[in-house]
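Any value given below was found using the heavy atoms of this structure, including those in side chains, with hydrogens, waters and symmetry copies removed. By convention in this document, chain letters (A, B, ...) are assigned in the order of the sequence lines, proteins followed by strands, and residues within each chain are numbered from 1.
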Amino acid sequence: MTTTAPLGAEAQTGPDASPTDGGRRAGRRIRMNSGTGLVFVLPFLLVFGLFLVWPVVQGLWMSFTDSSLSLRETSFVGFDNYAEALGDPDVWSSLGNTVFFTAISSVPLVLIALAMALLVHSGLAGQWAWRLAFFAPYLLPVTVVTLIWTWLYQPDLGLANQFLDTFGVGPVGWLSDEAVAMWSIAGLTVWWTVGFNFLLYLAALQSLPSTYDEAAALDGAGAWRRLWSITLPQLGRTTALVAMLQILASLKVFDQIYILTKGGPNGSTRPILEYVYDVGFTGYRLGYASAISYLFFAVVIVVSLVQLRLFRQED
Amino acid sequence: MSATATTVRARRRPPNETVGSPLLLGHGRLPRVLAGTALAVLAALWLLPFLWAIATSLQSEQDVATPGLSPIKGAFTTQAYEQILERGNVPVWAFNSFLIAGLVTLITVVVSTLAAYGFSRGTFRGRRALLAVTVAAILIPPQLLVVPLFEQMLLFNMVDTYAAVILPQVVAPMMVFILKRFFDGIPRELEEAARIDGASEFRVFLSIVLPLSRPIVSAVAIFVFIGAWNNFMWPFIVTNDPDLMTLPVGLATVKDAYGVQYAQSMASALLAALPLIVVFLLFQRRIVNSVATTGLGGS
C-alpha cells in the first residue's frame with residue numbers, strides 16, 4: 001500500500017517513519033499527541049494481555065508442570081511432559097489422523113472452490129443464486145451441519161445408503177467403518193466450508209484485468225486455451241493464499257469430528273486437538289495437554305514457514 | 001455524506017460483477033451448455049442436504065422412519081417444529097446466541113477500531129513492537145488457549161457465566177490488522193483540518209474516520225458475528241448450565257437424546273440455521289465484497 005507522497009516528502013521522512021506514515025510530511029505535521037494514540041490502543045491491550053498473552057504464557061508454564069483439574073498441588077516437572085508426548089503412540093496416531101484429514105480435505109477444498117468460481121464467473125445468469133447455493137453452508141454452525149449429515153449418513157434410512165441401495169450397492173458404514181469414516185468427515189467438511197474459498201477465488205477473478213484475455217481472444221485463442229494459459233496462471237497468488245489458509249484451517253480440525261464420531265471408530269478419526277481435549281478435560285491432565293498443544297503449535301509454525309518459503313519461491 | 005456513499009458503492013461494484021466475463025466461454029453454444037450443466041449439478045449437490053433436511057423436518061417421525069428414497073413419505077406436518085418450540089430449549093439457546101454473538105461483536109468492533117486507529121495514527125513509544133506482537137498473534141490457533149483459558153476462568157470464578165463465554169472471544173488481532181490497514185489508506189487532510197479547528201482526537205475518530213470506514217467496519221462486524229454465532233469449542237467447554245448454552249452447544253448436547261427423532265433434529269437444525277441465512281441475504285453484497293477487499297473473513 002503506497003501512499004502518494006508529495007515531492008520532497010521522502011527527504012523529510014525520518015528514520016522512524018514507516019511507508020504508511022508518509023504522505024503528509026512535506027507540509028506542517030499536525031498529528032496526534034503521542035499519549036493519545038496509546039489511549040486508543042489501551043482497551044485492546046487490556047483484553048489482548050488478559051485473554052491472549054496470559055493464557056499463552058500460562059499454558060507454556062503449565063506444560064512444564066503436572067497441573068491437573070483436580071485440586072491437588074502442582075509441581076514443576078521440567079521436560080517430562082514433552083518427553084512423554086514424543087513417546088506417546090496416541091500423540092503420533094492422532095497427529096497422523098490430522099495430517100491425513102488435511103491431505104484429503106485440502107485438495108478438493110481448493111480445486112472445487114476454483115471450479116465453482118470459474119463457472120460462476122463465466123457469465124451465466126443467476127450469479128446471486130449460485131453464490132448463495134455455494135456459500136450458504138459456510139454460514140451454518142457446526143452442530144447444524146453435523147445434525148444434517150448424521151441424517152444423510154444414517155445407516156438404514158439415510159440418503160447416502162438409500163441412494164446406493166437403488167444400485168444394489170451398500171450399505172456403507174459412513175461413520176462406523178474405520179476405512180470410510182475420515183472420508184465421510186472430509187466430504188462433510190468440503191460441503192460445509194468450500195464457500196469461503198469460492199468467494200476468495202471469485203473476488204480474485206473479478207479483479208483480474210481483462211486486457212490479456214481480450215488480446216488472446218482477438219488472436220483467436222479458444223476458451224480452454226485462455227483458461228489454461230491466461231486465467232489460471234493469473235490466479236497463482238490467490239491459489240497460494242487459499243491453499244495456505246486451507247491447510248492451516250484443516251490442521252486445526254476438531255469440532256465436526258468431536259460431534260460426529262468422538263474420534264471413533266477405534267480412534268481412527270481422532271485428530272490431535274481432540275486428543276488434547278481428551279487428555280485435559282476427560283483425563284484431567286492439564287499440564288500434559290498443554291505440552292501436546294505446544295508441540296502441535298510448533299508443527300503449525302513449521303508448516304506455515306515452509307509454505308511461506310515455497311510460495312515466495314514461486315513468485 | 002450521501003455523495004461519498006454513492007461513489008463508494010459505485011467503486012465497490014466492479015462493472016463485470018453481474019455479467020461475469022463472457023469472454024471466458026467464448027461465443028460458442030457448446031461451452032455455455034457444458035458450463036451451465038456443470039454449475040447446475042454442483043449447485044444441486046450443494047442444495048440437496050438442505051432440501052432433504054427441510055423435507056424431513058416437515059414429516060411425522062413415523063413417516064421419516066419408513067424406508068424410501070423420496071424425502072416426502074407422508075403428509076406434511078409442522079409437528080416437529082411445534083414439539084421443539086414447546087420444549088423451550090431452542091428459544092432460550094437462540095436468545096443466548098443472539099445475546100452472546102451481539103455483545104462479542106459490539107465489544108470487538110469498539111475495541112478493535114479504537115486500537116486500529118491508535119496503531120494507525122498514534123506516535124507513542126513501542127507502537128511498532130506492540131503492532132508486531134499483535135500481528136504475530138494471528139498465527140496462534142485459538143484451540144491452543146482453551147486449556148489455560150479454562151484454568152483462568154476457574155481462577156476468576158467465571159465458569160458458567162456469560163462473561164466467560166464472551167470476554168475471551170473479543171480479542172481479534174486479525175480484525176485490528178485489517179482495520180489498521182484500511183485506516184492507513186485514508187488521506188489525512190480532513191483530520192488535520194479538524195485538528196486545526198481544535199477537534200479532540202476522539203471527535204476526529206468518531207466524526208471523520210469512522211464514517212469513511214463504514215464498509216470495512218460493517219464487514220468486520222458481520223464476520224465477527226458469524227464467527228461468534230458459530231463458535232463451538234469455547235462455549236462448549238465453559239458452559240455446563242443448559243440455560244447459558246448457545247444454539248450450537250445446546251443442539252450438540254441434546255443430539256444424542258433425540259438422535260433417533262430425525263424430523264425434530266432436522267427442524268431444530270433449520271431453526272438454528274435460519275438467522276444466519278437471513279443475515280447473508282441482507283448483507284450479501286457486503287459479505288462478498290469484504291472477502292474481496294480484506295481477503296480474510298474467519299477469525
Where on [X] is there a heavy atom nearer than 4.5 Å to chain A: the side chain, the backbone, both, or neither?
X: B:Ile107; result: neither
X: B:Met233; result: both
X: B:Ile226; result: side chain
X: B:Val176; result: side chain
X: B:Thr134; result: both
X: B:Ala172; result: backbone
X: B:Leu34; result: neither
X: B:Glu151; result: side chain

Work out which heavy atom in [X] is nearest to a heavy atom in [Y]; give both atom names and the distance.
X: B:Ala273; Y: A:Leu140; answer: CB-CD2, 3.3 Å
X: A:Lys252; Y: B:Pro142; answer: NZ-CD, 4.3 Å
X: A:Pro43; Y: B:Val111; answer: C-CG1, 4.1 Å
X: B:Val171; Y: A:Phe51; answer: CG2-CB, 3.9 Å
X: A:Thr143; Y: B:Pro248; answer: OG1-O, 2.6 Å
X: A:Leu50; Y: B:Gln152; answer: O-NE2, 2.9 Å

Contact leader toward chain B among A:Ile112, A:Leu152, A:Leu60, where contacts are heavy-atom pairs under 4.5 Å:
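Ranked by contacts with chain B, first place is A:Leu152.
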
Interface check, chain B: of A:Leu157, A:Val57, A:Thr238, A:Val142, most non-hydrogen pairs under 4.5 Å belong to A:Leu157

Residues B:Tyr117, A:Val41; criterion side chain to side chain contact (heavy atoms under 4.5 Å, CB included); working and verdict
CA-CA 8 Å; B:Tyr117 184 66; A:Val41 179; over 6 Å; no

Parallel, tilted or perpendicular: ring planes of B:Phe205 versus A:Phe40, cut at 30 and 60 degrees
perpendicular

Aromatic ring pairing B:Phe50/A:Trp191, orientation class (parallel under 30°, perpendicular over 60°, tilted between)
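Answer is tilted, since the angle falls between 30° and 60°.
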
Structural part of [X] lying under 4.5 Å from a heavy atom of chain B:
X: A:Phe254; result: side chain
X: A:Ile301; result: side chain
X: A:Leu42; result: neither
X: A:Val194; result: side chain
X: A:Tyr277; result: side chain
X: A:Val279; result: neither
X: A:Phe163; result: both
X: A:Trp128; result: both
X: A:Leu45; result: side chain

[atom1]/[X] to [atom2]/[Y] distance, rounded to the nearest 0.5 angstrom?
X: B:Trp46; Y: A:Met116; atom1: CH2; atom2: CE; value: 4.0 Å
X: B:Leu39; Y: A:Ser122; atom1: CG; atom2: OG; value: 7.0 Å
X: A:Trp151; Y: B:Ser265; atom1: CH2; atom2: OG; value: 8.5 Å
X: B:Phe150; Y: A:Gln58; atom1: CZ; atom2: CD; value: 13.0 Å
X: A:Leu52; Y: B:Ile140; atom1: CG; atom2: CD1; value: 5.0 Å

Note, [X] side chain near [Y] side chain (heavy atom, < 4.5 Å):
X: B:Phe236; Y: A:Ile259; answer: no
X: B:Phe202; Y: A:Thr36; answer: no
X: B:Trp229; Y: A:Pro141; answer: yes
X: B:Asn230; Y: A:Tyr138; answer: no
X: B:Leu114; Y: A:Phe44; answer: no
X: B:Ser268; Y: A:Leu147; answer: yes
X: B:Leu48; Y: A:Leu159; answer: yes
X: B:Leu42; Y: A:Trp130; answer: no

Do you know which of B:Val170, B:Leu47, B:Leu167 has the most heavy-atom pairs with chain A at a distance under 4.5 angstrom?
B:Leu167

Could you walk me through whether A:Trp54 and B:Phe156 satisfy the ring-ring contact (aromatic ring centres under 6.0 Å, His included) test, starting with their C-alpha distance in whole Å, then the side-chain angles of each, then the deciding distance to 0.1 Å, before giving a yes or no?
CA-CA 13 Å; A:Trp54 175 340; B:Phe156 293 170; 5.4 Å; yes

